[in-house]
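When a ligand or atom number is given, it counts from 1 through the structure's own listing order. Positions are given from 1 along the sequence.
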Amino acid sequence: MEDLEELADQIKTCTLCDLHKNRTKAVPGEGPENADIMLIGEAPGYHEDQQGRPFVGNAGNILTDLLESAGLNRDEVFIGNVIKCRPPENRDPTEEEIKTCSPYLKKQIRNIKPKLIISLGRFAARLLSNRSVKISKEHGQLKDMEYGGWSCKLFISYHPAAALYGADARNKLEKDFEELKDTIQNLNNFKTTEQKTF
Ligand code: SF4
């Protein structure tokens, strides 16, 4: 299987779905190959598309603050998205686009082998849980997950962009990441499993 760098090169030149037609830069994601924690959002926005980097706009600044509040530095986690190219006008990705792009995320997860994945928003929570998720009910909870042949823990939260639209969402995100601090202290006790075939 390709390593993270090879996957990033494939993503940057990918033409598998129509989203490649309007992108400025694809956004493979970034972070260490051996990160214990991955954060997965929805799709690149305007600033991410311009720079080819995940979570670099206002929502990115919020994410950096949230990570710091949980005792984490951006450099020590892998940050990526379900979809690697920006949907026009930031529309929701389609089921077809998610299906077409998902092998990249699966391979990234199998390369990194995280102990914990933090889903940011409903698209990531749904894809990684393989079921519909009501974020307002399940945020701040730790679940077991299996995706692409990798089993680990999943922590569900809101997309940081939600905090741009109201104090209520910001408060919920801050509380989730506060709880994450305790979760992270147990990281070494989390069990992971890899299926050889999936
Ligand atoms: S969104 Fe994914 S599948 Fe579509 S062109 Fe970009 S990298 Fe390829």
Side-chain angles (χ1 to χ4, degrees), residues 1-35 37-60 62-63 74 77-114 116-133 135 145-152 154 156-162 164 194-195 197-198:
M1 184 171 63
E2 309 90 329
D3 65 23
L4 270 194
E5 219 171 295
E6 288 164 341
L7 280 170
D9 288 341
Q10 287 177 13
I11 291 165
K12 286 176 193 167
T13 54
C14 178
T15 54
L16 287 176
C17 84
D18 280 352
L19 291 181
H20 82 276
K21 291 181 183 165
N22 295 308
R23 75 179 173 218
T24 311
K25 288 183 178 173
V27 182
E30 62 187 28
E33 190 139 13
N34 60 351
I37 301 174
M38 289 179 79
L39 290 102
I40 304 298
E42 180 181 319
Y46 173 79
H47 295 286
E48 289 77 15
D49 173 72
Q50 293 291 307
Q51 296 183 37
R53 297 184 56 215
F55 285 93
V56 287
N58 290 335
I62 292 170
L63 181 63
R74 260 185 92 116
V77 297
F78 185 93
I79 304 175
N81 285 303
V82 167
I83 289 277
K84 314 302 188 191
C85 302
R86 183 191 182 208
E89 310 301 324
N90 293 347
R91 66 157 169 76
D92 287 347
T94 66
E95 288 302 319
E96 196 53 38
E97 288 160 356
I98 292 172
K99 195 172 156 208
T100 308
C101 203
S102 63
Y104 291 127
L105 180 58
K106 287 178 182 168
K107 288 180 184 173
Q108 287 176 320
I109 291 173
R110 283 176 72 93
N111 259 282
I112 294 167
K113 304 187 189 311
L116 172 68
I117 299 183
I118 301 164
S119 63
L120 304 168
R122 67 196 160 103
F123 283 93
R126 194 179 66 197
L127 186 71
L128 296 168
S129 306
N130 198 24
R131 63 182 173 82
S132 69
V133 174
I135 304 278
M145 61 156 271
E146 190 279 323
Y147 184 70
W150 183 251
S151 303
C152 63
L154 173 70
I156 294 172
S157 194
Y158 289 91
H159 193 285
L164 298 171
E194 184 174 21
Q195 291 168 25
T197 53
F198 66 98

Just need the protein heavy atom nearest to [atom], so name the residue and atom and give the distance.
| atom | value |
| --- | --- |
| atom 4 (Fe) of ligand 1 | C17 SG, 2.4 Å |
| atom 8 (Fe) of ligand 1 | C14 SG, 2.2 Å |
| atom 2 (Fe) of ligand 1 | C101 SG, 2.4 Å |

Compare every heavy atom of D3 with every heavy atom of N111, then report the nearest pair and how far apart it is.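 Of all heavy-atom pairs spanning N111 and D3, the closest is OD1-CA, 3.5 Å.
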Minimum-distance pair of heavy atoms, taken over all atoms of I98 and R126: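 Shortest heavy-atom separation between I98 and R126 comes out as CD1-NH2, 4.2 Å.
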How about L19 and T100: do any of their side-chain heavy atoms sit closer than 4.5 Å?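 No, every pair of side-chain atoms sits at 4.5 Å or beyond.
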Is K84 salt-bridged to D49, going by a charged N under 4.0 Å from an acidic O?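 No, no charged N to carboxylate O under 4.0 Å.
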Checking W150 side chain against I112 main chain: does a donor-acceptor pair fall under 3.5 Å?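 No: the side chain of W150 does not pair with the backbone of I112.
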Taking both backbone and side-chain atoms into account, decide whether C85 has an N/O/S atom under 2.8 Å from atom 6 (Fe) of ligand 1.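 Given the 2.8 Å cut-off, C85 counts as a ligand of atom 6 (Fe) of ligand 1.
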From H20, does some N, O or S atom reach closer than 2.8 Å to atom 8 (Fe) of ligand 1?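 Given the 2.8 Å cut-off, H20 does not count as a ligand of atom 8 (Fe) of ligand 1.
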